[in-house]
Amino acid sequence: MAGLLNAPSPPRWLLAELTYACPLQCPYCSNPLDYANLSNELSTNDWKRVLKQSRDMGAVQLGFSGGEPLVRKDLVELVEYSHELGYYINLITSGYNMDEAKIIELKEAGLDHIQVSIQASSQELNDFIAGTKSFEHKKSVAKLIKKHGYPMVLCVVLHRQNIHQMKDILDMAIELGADFVELANTQYYGWAHHNRDQLMPTQEQLQAAEAIANEYRDTQKGKMKIYYVVPDYYEGRPKACMNGWGTTFLTIAPDGVALPCHSARQLPNFDCPNVNDSSISDIWNKSKAFNYFRGDDWMKEPCRSCPEKDKDFGGCHCQAFLLTGDATNTDPVCDLSPLHHTVTDAIDKAAQTNQTVQQPLLFRNSKNSKLFNH
Amino acid sequence: MSLLTDHALQIAPGYRLQWEEAQNMFVLLYPEGLIELNQSSAEILQVCDGTKKLADIVHVLETKFETTGLESDIVNFLTIALDNGWLTQRA
Ligand code: SF4
Ligand code: SF4
């Protein structure tokens, strides 16, 4: 496919990262390590322009995330405006700062669904991972979401420190009346990449967890949908990058940088465009960043001649960059990659960390973020 | 969930059927996902308004398209839609 010649398919999904501010400190956060240096949040009117232009192009699924989107004072106003435009609006929140009045206000503004993340099934571990006392409050928020007629999606990010709680986590989801449960194994970008040695579970832990997820999927059929996101380090084949780079997803960061994927801003010399300088349609159709990995002209071997390239698009470019230093390399998760050992080495290293030194997790907060000033 | 012929069908809570001008098609929207619908699926879902049972749905569509014999296709689709949680049924 000659990526640049054919008009790209329009975006269907807009992820609006409203702010990097967040009262929690999860050590697997996918926000950039140096987020504290990225100030200049977009104004309400900037966001409205982005919402309108993206909707005109065809975006229909909208996620408000962050950081913690509830921190933005104009959240209700933005939800109201997005609803008028016809978006299906998802709020992706930690639930912190949420109360019943806000839940009602957002519902009236047209919010379609709320996804609450919980860090673990016990107060002690939840509050430790979140770096903040929040467990009981999150549970009460989950119940209020149900009470006010939203579909309730519970999200739990899995890693070595909580994956043994799988059964309790699912029982908690049932107790809270979740309609969907997303059990997402940590993906190693941003803070998670930094903390990888302490977060990566062992193969045995993963197999045990997956078996439990499958068992509950059967017993909960028709009641609660369970999504289990596998960790690609153990897979042998990479995940398909965002359904194809620049085909479906558009992320706008708090400062207006437009990203083909939420991790793309770490790619060096990538020149991601900003909504302060260009329209969404120019960004989507014409910018270098969005065209970079469209089609397969950019591919090297072994992907270039691989029969599976239409299935996974060569895997994740951000992961290729993080592990091999070159985003145009084959995602090293693929066992056909000549650099696949970077993944197996990482697994071994994490396993050793597990047994010997207990290195502390680096929590995501602005003090730690400033360590990554560059 | 199996199809109950004496129950009325409707789009499940949290799901929304919507025409998308930019894509020139109907889509079914739900938490963090969307399904792009082909024309026949969209026609069937539009009739699932919470008042009609299987026989009514078949009747509406056969009248609209001036044809007969649609029932088995409609049953197939409704069964898939129920299994996926896109529809709910009530007495
Ligand atoms: S070589 Fe490339 S295209 Fe082939 S399976 Fe591996 S990542 Fe996918
Ligand atoms: S490059 Fe990687 S992180 Fe970025 S969208 Fe693709 S899969 Fe996701």
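The basis for the numbers below is simple: all heavy atoms, side chains too, and nothing from hydrogens, waters or symmetry mates. The structure presented is a predicted model; accordingly, all values stated were derived computationally and were not measured. A note on names: the letters A, B, ... follow the listed sequences, proteins ahead of strands, and every chain is numbered from 1.
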S.K.: Applying a criterion of heavy atom separation less than 4.5 Å, what residues of residues 29-50 of chain B form contacts with chain A?
M.R.: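 So the qualifying residues are B:Leu29, B:Tyr30, B:Pro31, B:Glu32, B:Gly33, B:Leu34, B:Glu36.
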
S.K.: Which heavy-atom pair separates A:Asp112 from B:Arg16 by the least distance, and what is that distance?
M.R.: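 The pair with the smallest heavy-atom distance is OD1-NH1, 2.9 Å.
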
S.K.: Looking at A:His148, I want to see if its NE2 is surrounded by more than 12 non-hydrogen atoms of other residues, nucleotides or ligands under 6.0 Å.
M.R.: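 Atom NE2 in A:His148 is packed in, count exceeds 12.
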
S.K.: Could you report the tightest heavy-atom contact between A:Pro10 and B:Gln23, atom names first, then the distance?
M.R.: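 So the minimum-distance heavy-atom pair works out to CG-OE1, 4.1 Å.
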
S.K.: Look at B:Ala12, B:Gly14, B:Gly85, B:Pro13 and state which one has the largest set of heavy-atom pairs under 4.5 Å with chain A.
M.R.: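 Heavy-atom pair counts peak at B:Gly14.
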
S.K.: Against chain B, label A:Tyr88 side chain, backbone, both or neither, depending on which of its atoms sit under 4.5 Å from a heavy atom there.
M.R.: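 Both parts, backbone and side chain.
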
S.K.: In terms of heavy-atom contacts, does NZ of A:Lys107 have more than 12 from other residues, nucleotides or ligands at under 6.0 Å?
M.R.: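 Yes.
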
S.K.: Would you mind checking if A:Arg55 and B:Glu21 are paired as a salt bridge, meaning a charged N to carboxylate O distance below 4.0 Å?
M.R.: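 Not counted as a salt bridge, because no side-chain N and carboxylate O are separated by less than 4.0 Å.
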
S.K.: Quick check on A:Tyr227 against chain B: is it the side chain, the backbone, both or neither that has a heavy atom closer than 4.5 Å?
M.R.: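 Side chain only.
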
S.K.: So does B:Lys53 have more than 12 non-hydrogen atoms from other groups sitting under 6.0 Å from NZ?
M.R.: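 Atom NZ in B:Lys53 is not crowded, with 12 or fewer foreign heavy atoms closer than 6.0 Å.
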
